[in-house]
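To keep things clear, I will list the structure first and then write my remarks on it.
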Amino acid sequence: MPTLFLPIILSVIGASTIIAFFSFIADFVTPFLRPSQIYHFLHSAPGPSPSSPPLQAWALVTGTTAGIGLQLCHQLASLGFNVVLHGRNPSKLEQVQKSLSAKFPTRQFRTLIIDATSAPSAPDSFKDIVARLSDIHLTVLINNAGGIPSGLPASDQHHSAPYTPLSELSHSMIAATISLNLTFPVMLTSALLPILSHRNNGPALVVTVGSFADNGLPLLQVYAGAKAGLCKAMEAVGGELNIPPPPPNLVPSLGERKKEVLIHHMRIGNVTGVSHSQKPPSAFRPDATTAAKAIIARVGCGKTVISPHWGMALQSIFSDWAPWWVKQHVFGNVMAELRNEVLLAKKSG
Ligand SMILES: NC(=O)c1ccc[n+]([C@@H]2O[C@H](COP(=O)([O-])OP(=O)(O)OC[C@H]3O[C@@H](n4cnc5c(N)ncnc54)[C@H](OP(=O)(O)O)[C@@H]3O)[C@@H](O)[C@H]2O)c1
């Protein structure tokens with residue numbers, strides 16, 4: 001009797017394996033085949049009075065003085081957006097504003113100076129941001145600022161930074177890392193969502209820039225945790241914007257109907273041409289321009305959380321699917337090597 005069922009059981013297992021394999025391939029490939037929906041967010045709104053011209057679309061990008069954030073500004077301006085350039089260093093921001101204005105004379109640029117590590121402990125800073133953006137037609141927010149905090153007092157910067165064991169991290173470095181990579185983008189998104197979902201602004205787009213470090217990379221533990229938290233928070237926000245509102249008998253009128261806000265969390269791997277790396281680019285280590293183009297290209301790809309560049313997406317298969325003991329071994333060796341490179345570079349001056 002058992003031998004009678006064996007071919008059936010094997011056929012079911014075989015068919016399920018083939019279906020699972022092709023669904024996996026389709027799930028992997030489809031986001032890369034869909035054209036970007038970024039133009040969906042390049043719309044205008046009526047001016048403040050009937051005689052005033054329509055308001056053009058603006059994007060706010062955080063962390064625009066270097067790396068991926070700077071390249072995102074170039075991409076958005078070339079697509080037709082005016083851009084609010086966020087950063088913490090006024091003179092760097094002024095330089096960026098000048099060079100973007102020279103390259104894109106028909107676009108407008110304005111700066112927003114705020115330190116992402118300290119803003120979350122001064123909640124009025126977000127009210128201030130909202131007030132400063134109240135006169136523009138904001139349709140896109142890109143939360144890009146992030147990384148291992150720099151510019152802290154020397155006592156907080158460890159000699160093997162950024163690859164420092166938890167026991168050797170100062171508490172102010174831990175707090176700054178969480179503020180920069182989790183609290184600031186979440187608070188900024190929460191402050192701006194009412195504007196983005198307002199009937200005049202929608203449809204709107206919110207993108208957060210995450211990291212493969214969220215896999216729990218050793219020696220980047222707090223950064224990894226903050227990016228993992230950001231990934232899950234944005235996934236949840238994407239979900240809550242899609243669920244039906246409570247019935248009117250439970251919550252009195254919520255006022256105006258909200259417009260659609262699309263949420264994406266872009267998980268990225270190693271990128272070069274950024275402030276901490278000028279290594280030559282490769283298929284698995286794109287430069288900041290390629291990474292920025294990939295982020296824009298994946299807008300509207302159908303997934304909230306996505307690795308935007310195909311080389312990164314291939315790497316994420318390993319980090320998402322390998323058994324934990326393989327990951328622990330591989331990640332441990334890679335991170336120890338990176339730490340040793342930093343220590344060697346510091347030793348040799
Ligand atoms: N590059 C990679 O390999 C990689 C990998 C995974 C994830 N990511 C993520 O990608 C995003 C961009 O990284 P990137 O490599 O392009 O970094 P980057 O070249 O170091 O640029 C970071 C930008 O954020 C700004 N910034 C840093 N701390 C800030 C603060 N406290 N307040 C306000 N602005 C601040 C920087 O301003 P200053 O010029 O004033 O420092 C700069 O404009 C980050 O979220 C990072 O976590 C990068």
Side-chain angles (χ1 to χ4, degrees), residues 28-43 57-87 96-97 99-107 109 139-147 185 203-213 227 230-231 234 262-317:
F28 181 84
V29 171
T30 314
F32 289 88
L33 300 179
R34 289 194 176 173
S36 174
Q37 303 280 306
I38 189 73
Y39 288 109
H40 200 46
F41 308 100
L42 188 64
H43 48 77
W58 281 78
L60 163 59
V61 182
T62 67
T64 56
T65 51
I68 301 164
L70 177 58
Q71 296 310 323
L72 282 167
C73 297
H74 281 263
Q75 295 304 316
L76 289 165
S78 72
L79 291 167
F81 288 90
N82 300 313
V83 187
V84 182
L85 310 164
H86 160 265
V96 170
Q97 185 175 16
S99 73
L100 281 165
S101 301
K103 188 169 171 191
F104 302 101
T106 56
R107 306 277 172 266
F109 300 94
T139 66
V140 173
L141 163 64
I142 302 195
N143 287 296
N144 160 78
L205 168 71
V206 175
V207 172
T208 47
V209 180
S211 169
F212 284 177
K227 287 293 195 191
L230 183 62
C231 177
M234 296 319 290
L262 179 67
I263 305 280
H264 278 302
H265 178 79
M266 306 278 181
R267 282 180 78 227
I268 62 172
N270 237 333
V271 174
T272 188
V274 297
S275 58
H276 69 271
S277 169
Q278 295 300 327
K279 291 179 179 169
S282 68
F284 295 112
R285 185 175 54 215
D287 61 19
T289 308
T290 310
K293 282 184 179 167
I295 288 172
I296 300 290
R298 295 291 84 74
V299 168
C301 68
K303 283 185 168 180
T304 300
V305 178
I306 175 88
S307 297
H309 178 262
W310 67 267
M312 293 172 182
L314 285 173
Q315 288 173 64
S316 74
I317 294 179

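Along the sequence shown, residues carry numbers from 1. Quick caveat: nothing in here was measured; it's all calculated off a predicted structure.
Side-chain atoms of T139 come within 3.5 Å of backbone atoms of F41 as a donor-acceptor pair (strictly under, hydrogens ignored). Although no hydrogens or angles enter the test, the distance criterion places no donor-acceptor pair under 3.5 Å between the side chain of T272 and the main chain of P280. A distance-only check finds no donor-acceptor pair linking the side chain of T64 to the backbone of V61 [under 3.5 Å]. Under a 3.5 Å cut-off, the side chain of S101 and the backbone N or O of Q97 do form a donor-acceptor pair. Distance alone, capped at 3.5 Å, places no donor-acceptor pair between the Q71 side chain and the G67 backbone. Side-chain atoms of H43 never come within 3.5 Å of backbone atoms of A57 as a donor-acceptor pair (strictly under, hydrogens ignored). Proximity of a side-chain donor or acceptor of S99 to a complementary backbone N or O of V96 within less than 3.5 Å is detected. Under the 3.5 Å distance criterion, the side-chain polar atoms of R298 are left unmatched by any main-chain donor or acceptor of I306.
Residues passing the side-chain contact (heavy atoms from CB on, under 4.5 Å) test with S211 are A213, Y223, K227, sequence neighbours excluded. Remark: K103 engages no residue in a salt bridge (Lys or Arg N to Asp or Glu O under 4.0 Å) (not counting sequence neighbours).
For H265 and T208, the side-chain atoms include at least one donor-acceptor pair closer than 3.5 Å.
Residue pairs meeting the salt bridge (charged side-chain N to carboxylate O under 4.0 Å, His left out) criterion with at least one partner in residues 264-289, sequence neighbours excluded, are D214-R267, R267-D320, K279-E341. Residue pairs meeting the salt bridge (charged side-chain N to carboxylate O under 4.0 Å, His left out) criterion with at least one partner in residues 303-316, sequence neighbours excluded, are D27-K303. Within the structure, salt bridge (charged side-chain N to carboxylate O under 4.0 Å, His left out) contacts touching residues 62-74 (residues at least two apart or in different chains) do not occur. Each side chain to side chain donor-acceptor pair (under 3.5 Å) pair with one or both residues in residues 304-314, not counting sequence neighbours, would appear here, but there are none.
Rounding to the nearest 0.5 Å gives a distance of 5.5 Å between CG of L262 and CG of L205.
Aromatic ring pairs are classed by plane angle as parallel below 30°, tilted from 30° to 60° and perpendicular above 60°; the pair H74 and F104 is perpendicular.
Side-chain contact between L85 and L100: present, with at least one pair of heavy atoms (C-beta onward) separated by less than 4.5 Å. Counting heavy atoms from C-beta outward, W58 and V140 have side chains that stay 4.5 Å or more apart. A heavy-atom distance below 4.5 Å is found between the side chains of C231 and V305.
In summary, of the residues considered (V209, L230, V206), a side-chain contact (heavy atoms from CB on, under 4.5 Å) with N143 occurs for V206 alone.
In plain terms, the two heavy atoms of P308 and F32 that are nearest each other are O-CE2, 3.3 Å.
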